[in-house]
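Start at 1 with the first residue, then count along the sequence. Model, not experiment: these values are computed from the prediction.
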Amino acid sequence: VQLQAFGGGLVQAGGSLRLSCAASGRTFSSNGMGWFRQAPGKEREFVAAFRWSGGRRYYRDSVKGRFTISRDIAKNTVYLQMNSLKPEDTAVYYCAVSLGRDTSYSGSYYSQPSTYDYWGQGTQVTVSS
(Lines give C-alpha, C1' and ligand atoms only; values in the text may rest on other atoms or scores of the structure.)
Protein backbone atom coordinates (compact mmCIF):
# COMPACT_ATOMS: atom_id res chain seq x y z
CA VAL A 1 0.00 0.00 0.00
CA GLN A 2 1.24 3.45 -0.89
CA LEU A 3 -0.22 6.74 0.26
CA GLN A 4 0.55 10.08 -1.28
CA ALA A 5 -0.57 13.19 0.56
CA PHE A 6 -0.63 16.59 -1.06
CA GLY A 7 -2.44 19.91 -0.99
CA GLY A 8 -0.62 21.66 1.84
CA GLY A 9 0.64 25.20 1.63
CA LEU A 10 0.78 28.62 3.19
CA VAL A 11 -2.51 30.33 3.99
CA GLN A 12 -3.65 33.24 6.11
CA ALA A 13 -5.70 32.71 9.23
CA GLY A 14 -9.34 32.24 8.30
CA GLY A 15 -8.45 30.69 4.97
CA SER A 16 -9.03 27.20 3.60
CA LEU A 17 -7.05 24.30 2.22
CA ARG A 18 -8.01 20.87 0.98
CA LEU A 19 -5.63 18.02 1.55
CA SER A 20 -5.78 14.89 -0.55
CA CYS A 21 -4.48 11.41 0.17
CA ALA A 22 -4.34 9.07 -2.81
CA ALA A 23 -4.02 5.40 -2.00
CA SER A 24 -2.71 2.63 -4.22
CA GLY A 25 -2.10 -1.07 -3.72
CA ARG A 26 -4.11 -3.42 -1.55
CA THR A 27 -6.49 -0.81 -0.22
CA PHE A 28 -9.47 -3.06 -0.84
CA SER A 29 -8.62 -4.76 2.43
CA SER A 30 -8.74 -1.54 4.48
CA ASN A 31 -11.34 -0.48 7.05
CA GLY A 32 -10.62 3.23 7.31
CA MET A 33 -8.23 6.11 6.89
CA GLY A 34 -7.15 8.94 9.09
CA TRP A 35 -5.34 12.24 9.17
CA PHE A 36 -2.80 13.17 11.81
CA ARG A 37 -0.58 16.17 12.25
CA GLN A 38 2.67 16.99 13.94
CA ALA A 39 3.88 20.45 14.83
CA PRO A 40 7.56 21.18 15.61
CA GLY A 41 8.49 19.92 19.04
CA LYS A 42 5.14 18.24 19.57
CA GLU A 43 3.85 14.70 19.34
CA ARG A 44 1.82 13.50 16.41
CA GLU A 45 -1.87 14.05 17.09
CA PHE A 46 -5.09 12.78 15.65
CA VAL A 47 -7.08 15.13 13.41
CA ALA A 48 -9.83 13.15 11.68
CA ALA A 49 -10.74 9.65 10.57
CA PHE A 50 -13.21 7.96 8.26
CA ARG A 51 -14.42 4.47 9.12
CA TRP A 52 -15.71 2.76 5.99
CA SER A 53 -18.28 0.69 7.84
CA GLY A 54 -21.28 2.88 8.36
CA GLY A 55 -19.46 5.88 6.91
CA ARG A 56 -18.59 7.12 10.39
CA ARG A 57 -16.34 10.14 10.74
CA TYR A 58 -14.39 11.22 13.77
CA TYR A 59 -12.68 14.52 14.60
CA ARG A 60 -10.57 15.96 17.35
CA ASP A 61 -12.51 18.58 19.27
CA SER A 62 -10.44 21.55 18.13
CA VAL A 63 -11.28 20.98 14.45
CA LYS A 64 -14.95 20.04 14.72
CA GLY A 65 -17.07 22.36 12.61
CA ARG A 66 -14.03 23.53 10.66
CA PHE A 67 -12.58 20.37 9.09
CA THR A 68 -14.38 17.74 7.04
CA ILE A 69 -13.04 14.37 6.02
CA SER A 70 -14.50 12.77 2.92
CA ARG A 71 -13.86 9.94 0.55
CA ASP A 72 -13.96 9.36 -3.21
CA ILE A 73 -14.17 5.61 -3.66
CA ALA A 74 -13.66 5.72 -7.43
CA LYS A 75 -10.45 7.68 -7.02
CA ASN A 76 -9.29 5.77 -3.92
CA THR A 77 -8.72 9.14 -2.32
CA VAL A 78 -9.54 10.66 1.04
CA TYR A 79 -9.79 14.41 1.49
CA LEU A 80 -9.49 16.76 4.41
CA GLN A 81 -11.25 20.05 3.80
CA MET A 82 -9.93 22.59 6.26
CA ASN A 83 -11.81 25.86 6.72
CA SER A 84 -11.38 28.76 9.14
CA LEU A 85 -7.76 27.80 9.60
CA LYS A 86 -5.90 29.05 12.65
CA PRO A 87 -2.17 29.49 13.31
CA GLU A 88 -2.36 26.57 15.74
CA ASP A 89 -3.31 24.31 12.82
CA THR A 90 0.21 24.74 11.47
CA ALA A 91 1.84 21.32 11.21
CA VAL A 92 2.88 18.56 8.87
CA TYR A 93 -0.23 16.57 8.05
CA TYR A 94 -0.05 12.83 7.49
CA CYS A 95 -2.62 10.43 6.14
CA ALA A 96 -2.72 6.80 7.14
CA VAL A 97 -4.67 3.65 6.33
CA SER A 98 -5.91 0.90 8.61
CA LEU A 99 -5.91 -2.55 7.01
CA GLY A 100 -8.14 -5.46 7.88
CA ARG A 101 -11.79 -6.31 7.77
CA ASP A 102 -14.51 -3.76 8.47
CA THR A 103 -14.89 -2.82 12.08
CA SER A 104 -17.49 -1.26 14.33
CA TYR A 105 -14.86 0.36 16.49
CA SER A 106 -15.40 3.87 17.74
CA GLY A 107 -13.41 7.06 17.38
CA SER A 108 -11.10 6.13 20.24
CA TYR A 109 -9.79 3.29 18.09
CA TYR A 110 -9.32 5.36 14.96
CA SER A 111 -7.67 8.20 16.85
CA GLN A 112 -4.69 6.02 17.82
CA PRO A 113 -1.62 6.06 15.53
CA SER A 114 -1.06 2.37 16.32
CA THR A 115 -4.32 1.54 14.51
CA TYR A 116 -2.80 2.40 11.18
CA ASP A 117 -0.57 0.24 9.05
CA TYR A 118 0.72 2.56 6.34
CA TRP A 119 1.47 6.27 6.35
CA GLY A 120 1.88 8.91 3.69
CA GLN A 121 4.90 11.17 3.49
CA GLY A 122 3.25 14.24 4.99
CA THR A 123 2.35 17.65 3.62
CA GLN A 124 3.15 20.95 5.30
CA VAL A 125 0.34 23.30 6.30
CA THR A 126 1.35 26.76 7.50
CA VAL A 127 -1.23 29.24 8.72
CA SER A 128 -0.03 32.80 9.19
CA SER A 129 -1.67 35.19 11.62
Side-chain angles (χ1 to χ4, degrees):
V1 176
Q2 290 187 326
L3 302 176
Q4 185 174 6
F6 53 95
L10 172 63
V11 64
Q12 288 188 332
S16 298
L17 284 173
R18 187 177 79 158
L19 305 184
S20 301
C21 180
S24 60
R26 297 185 60 182
T27 57
F28 60 86
S29 61
S30 63
N31 56 62
M33 289 182 71
W35 285 96
F36 289 75
R37 66 188 181 188
Q38 187 166 18
K42 296 187 177 181
E43 292 187 354
R44 188 170 299 190
E45 64 181 20
F46 168 74
V47 177
F50 197 131
R51 189 190 79 189
W52 304 155
S53 175
R56 291 298 301 271
R57 309 175 194 194
Y58 307 101
Y59 300 94
R60 70 178 297 105
D61 287 345
S62 63
V63 307
K64 286 180 181 177
R66 301 189 297 123
F67 291 12
T68 302
I69 188 171
S70 62
R71 178 192 187 192
D72 186 326
I73 296 175
K75 294 183 178 180
N76 233 5
T77 298
V78 169
Y79 303 97
L80 184 68
Q81 178 67 43
M82 305 185 296
N83 298 328
S84 302
L85 282 161
K86 304 175 180 180
E88 51 264 43
D89 294 318
T90 295
V92 177
Y93 283 69
Y94 299 89
C95 60
V97 62
S98 173
L99 300 183
R101 58 194 301 175
D102 282 345
T103 78
S104 59
Y105 296 143
S106 67
S108 60
Y109 175 79
Y110 285 95
S111 67
Q112 299 302 314
S114 58
T115 292
Y116 299 88
D117 301 282
Y118 291 92
W119 293 78
Q121 82 285 8
T123 184
Q124 175 71 47
V125 172
T126 303
V127 184
S128 63
S129 57

Practice task
With sequence neighbours excluded, tell me which residues meet ring-ring contact (aromatic ring centres under 6.0 Å, His included) with Tyr109.
Solution key: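 By the ring-ring contact (aromatic ring centres under 6.0 Å, His included) rule, Tyr109 matches Tyr105.
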
Handout entry: Same cluster (ILVMFWY, side-chain, under 4.5 Å), Phe36 and Tyr58
Key =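 Both belong to a single hydrophobic cluster.
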
Practice task
Using the rule that two of Ile, Leu, Val, Met, Phe, Trp, Tyr join whenever any of their side-chain heavy atoms come within less than 4.5 Å, decide whether Val92 and Leu10 are in one cluster.
Solution key: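 Shared cluster, no.
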
Practice task
State plainly whether the residues Asp61 and Lys64 are in salt-bridge range, i.e. N to O under 4.0 Å.
Solution key: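 Between Lys64 and Asp61 there is a salt bridge, with a charged N closer than 4.0 Å to a carboxylate O.
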
Exercise for the section: Answer yes or no on whether Arg18 is positioned over the face of Tyr79, meaning its NZ or CZ is under 6.0 Å from the six-membered ring centre and within 45° of the axis. Expected result: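 The answer is yes; both the distance and angle limits are met.
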
Problem - Test log, rule side chain to side chain contact (heavy atoms under 4.5 Å, CB included), inputs Tyr110 and Asn31 - result: CA-CA 10 Å; Tyr110 285 95; Asn31 56 62; 2.9 Å; yes

Practice task
Identify, with sequence neighbours excluded, every residue that meets side-chain contact (heavy atoms from CB on, under 4.5 Å) alongside Ser84.
Solution key: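 Partners of Ser84 by the side-chain contact (heavy atoms from CB on, under 4.5 Å) criterion, ordered by chain and then number, come out as Arg66.
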
Practice task
Would you please indicate if the ring centroids of Trp35 and Phe67 are separated by under 6.0 Å?
Solution key: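 For Trp35 and Phe67, the ring centres are not under 6.0 Å apart.
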
Problem - By salt bridge (charged side-chain N to carboxylate O under 4.0 Å, His left out) - contacts of Glu45 (at least two apart) - result: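 So Glu45 forms a salt bridge (charged side-chain N to carboxylate O under 4.0 Å, His left out) with Arg37, Arg60.
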
Exercise for the section: Indicate yes or no for a side-chain donor-acceptor contact from Tyr59 to the backbone of Gly65 under 3.5 Å, with no hydrogens or angles considered. Expected result: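 No, Tyr59 side chain to Gly65 backbone: no donor-acceptor pair under 3.5 Å.
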
Handout entry: Atom pair CZ (Arg56) and OG (Ser104), whose distance is rounded to the nearest 0.5 Å
Key =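 These two atoms lie 10.5 Å from each other.
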
Problem - Over 12 non-hydrogen atoms of neighbours within 6.0 angstrom of CD in Gln2 - result: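 Not buried by this count: 12 neighbours or fewer within 6.0 Å.
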
